[in-house]
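Notes follow once the structure below has been shown.
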Amino acid sequence: KPQEMQNAIKHSPWEFKPIDSKTPKTADGPLPDTEEVSIPTDVLPTIEYAQITPEQQELIDELRIQLGDLVPPVQEDHHMHTDFYLARYLVARNWDIDDAKKMFVAAMKWREDNDIDNIIDNFEKSEYFELITNYWPCSVHKDWDFWTYDNAWVVYQRLGLMDPRLIDKVPMEVVMDYHKYVVELVEKKHAKVVHQKGYSPGGIVIEDLTGLGYQHMHKKAIEMIGMIAHIDDNYYPAILRKFYILNAPYVFTVFWKIIKTFLNKRTASKFEVLGSNKESNEALLKQIIPEKYIPKYLGGTSEYPMPVGGPRDSIEITIPQNHRAVQVAASKAHRHYLDITRASTISWEFLIKYHSIKFSLTKEEDGDEKVLIEEMVEASEKKASGSHVVSQDQIGKYCLIWDNSHSYWRSKEIFLHVTVQDM
C-alpha cells in the first residue's frame, strides 16, 4: 500500500497481542483430487464473498487500515490476514466498516482470552476428549475429508442418533470447548481452500435428524444451542454457505421455532429443510458432492466412520416382569397414593431409561404434604430402591412421587414396582 495509507493506520486501544507469525499458518497439504464441476446456483448459491469484487476490495482495504496493528498492512499467508477473512466480518455486518471493526476486535480479544490458537492441542488432552469424540455424531475429526465439487468443505451430523444423556454427563464448558475444537478444524480446511485456490467457497453442514425426539429437547440442550449460535455468529462469522436438514420429524417444527431465536437473519436464511424423501435427498447431494464424499447412509460410497451417537448399549436396562411402565409428561409428576391403615413397610423399586427424575415420599399431615424422602435419580442399569417403615402411630395417607417438573420439553419413561407389607 502507498506510504500515506500506512501512515494512516490507527492503532487499537485494546491491550492484547496482534496476530503474529508464531500463530500456525494455513493448513499444509494439497486439496483432494476432485474433478471440479460447476454447481448450479439455484441448487447451491455461492457465498457472498466467493470472488471479491472491486467494490468489496475497497471496503476490505479500508477495514485493514482501520484495524491498525491487529493485521499487517498487506495481505499475508496467515488465514486471518487474508482479504477473504476480513470480508467475512464485513459480510456479517452488512459491509459497515465501523461495525465490522468492532466485531473483529471483539473476536480477536475472545480468541486470546480463551486461548483459541491452542484449543485443538489442549482439548485433545482433556479427560472428556475420548468420550465426546467417540459419541458425538459428527464427521469432524483430524482426518475428516469431505468436499463439494467446488471445494467447499462438508460436515455431516446425525444429532437424532445422539444419546440425550451425553449432554447430562458432560459439563457445558466441555461441550463448548468441543465445539470450538470442531470449528477450528473447519477453519483449517477453509483456509486451505482459500490459500490454494484463491477463492472462498464457504462450507456446508448436512444434518440428518433421524431419531430426533422430545427427549432431545431439554433445558440444557436448548442452552447449548444458544451458546453455540452465539460463538458461531460472533467469532466465526459468514463461513456457512448452506445448512441442509434431512429427515426432520414433526417435533423439529417446535425445535426450529426455538433455534431461530438464537440465529441472526443471515444465518437463518442458510438453513433449508429437505424433508424425508430418500431419493430426492440423495439426488440433490449428488449434484453438489462427489459420491466418494457422501456417506453410505445418504446414498454415497464413503465408509468414513462416524460416531453412533452415544453409549446406548452400555446403559440398556432389563425390565422386571412385575414392574409397570409409566410415562411422566414434561413438567408433570406421577403420583402413587397409599392409604396405610396398620403398621407396615412401604417398599419401592424403579428404573429410568433416560436422564433423571426426582423421587419423593410424602405423608399428609394437617392438610399439607410432609416430605419424608427426596432424591434426584439418574438413569442407570441398576434399580433405584428403598423402603419406609410406618409404625402404628404413623398410619395415614402416603404418596410416592416421580417428579419431572424440572424438564420443560422431555417426558420420562419409568418402570416401577411398589409394595406394602404388614409388619
Side-chain angles (χ1 to χ4, degrees), residues 43 135-139 154-168 175 179 204-229 232 240 242-265 267-285 288 294-299 306-310 312 315-316 325-334 352-357 379 402-415:
V43 175
Y135 293 120
W136 196 284
C138 176
S139 64
V154 182
V155 171
Y156 295 98
Q157 287 199 125
R158 307 182 75 182
L159 292 185
L161 299 185
M162 186 177 72
D163 190 321
R165 290 166 295 183
L166 185 61
I167 299 299
D168 287 337
V175 177
H179 181 69
I204 298 170
V205 177
I206 299 173
E207 181 72 72
D208 181 356
L209 293 182
T210 299
L212 186 78
Y214 281 104
Q215 69 270 21
H216 294 93
M217 297 176 59
H218 55 98
K219 185 178 180 181
K220 191 173 180 181
I222 293 169
E223 179 186 354
M224 176 195 74
I225 291 170
M227 295 172 70
I228 287 174
D232 290 352
L240 181 66
K242 200 72 176 177
F243 196 118
Y244 291 112
I245 297 171
L246 284 63
N247 302 314
Y250 175 76
V251 68
F252 177 72
T253 59
V254 180
F255 216 19
W256 180 236
K257 290 178 182 178
I258 300 170
I259 294 171
K260 282 200 298 187
T261 64
F262 300 123
L263 304 176
N264 62 45
K265 289 183 179 180
T267 302
S269 70
K270 303 292 182 180
F271 283 69
E272 182 175 347
V273 180
L274 296 180
S276 302
N277 187 299
K278 185 175 184 291
E279 290 75 19
S280 63
N281 287 344
E282 291 180 2
L284 175 66
L285 295 182
I288 300 170
I294 301 175
K296 281 191 171 181
Y297 72 89
L298 291 177
M306 275 183 64
V308 295
R312 296 172 186 267
I315 44 179
E316 283 296 320
V326 175
Q327 286 285 342
V328 187
S331 302
K332 302 294 183 181
H334 172 74
I352 176 173
K353 253 190 171 182
Y354 297 110
H355 303 287
S356 60
I357 201 157
W402 287 267
D403 187 359
N404 194 31
S405 60
H406 60 284
S407 182
Y408 298 142
W409 300 101
R410 184 167 47 198
S411 63
K412 307 289 173 61
E413 186 175 22
I414 58 174
F415 303 87

Working to the nearest 0.5 Å, report the span between CG of L161 and CH2 of W136.
13.0 Å

What distance do N404 atom CG and S356 atom OG have between them, rounded to the nearest 0.5 Å?
8.0 Å

For K296, give me all partners under side chain to side chain contact (heavy atoms under 4.5 Å, CB included), at least two apart in sequence or on another chain.
E303

Closest heavy-atom pair, I258 versus I222, reported as atoms and distance to 0.1 Å, is CG2-CG2, 3.7 Å

Residues forming a side chain to side chain contact (heavy atoms under 4.5 Å, CB included) with A229, sequence neighbours excluded:
F262, L263

Interatomic distance, CG@L209 vs CG@L246, rounded to 0.5 Å, equals 8.0 Å

Search all heavy atoms of I245 against all heavy atoms of A248 and return the closest pair with its distance.
CG2-CB, 4.0 Å

Which residues share a ring-ring contact (aromatic ring centres under 6.0 Å, His included) with H334, sequence neighbours left out
W402

Can you list the residues that meet the ring-ring contact (aromatic ring centres under 6.0 Å, His included) rule with F271, with sequence neighbours excluded?
F243, W256

List in chain and number order the residues that pass salt bridge (charged side-chain N to carboxylate O under 4.0 Å, His left out) with E223, two or more places apart in sequence or in another chain; answer none if no residue qualifies.
none

Nearest 0.5 angstrom please: K270 NZ to L240 CG, how far?
7.0 Å

Of the non-hydrogen atoms in V43 and Y244, which two are nearest, and what is the gap between them?
O-OH, 3.3 Å

Beyond-backbone contact of D232 with T267, side-chain heavy atoms, under 4.5 angstrom
no

Partners of N247 by side chain to side chain contact (heavy atoms under 4.5 Å, CB included), sequence neighbours excluded?
D208, T210, S276, N281

Taking atom CD of E282 and atom CD1 of I294, what is their separation to the nearest 0.5 Å?
8.0 Å

Could you tell me whether K332 atom NZ has more than 12 heavy atoms of other residues or ligands within 6.0 Å of it?
no

Nearest-0.5 Å distance that lies between atom CD in E272 and atom CD1 in I206:
11.0 Å

Would the distance check show the side chain of E207 and the main-chain N or O of L159 forming a donor-acceptor pair, the cut-off being under 3.5 Å?
yes

Taking all atoms of both residues into account, what is the closest heavy-atom pair of Q157 and Y297, and its distance?
O-OH, 4.4 Å

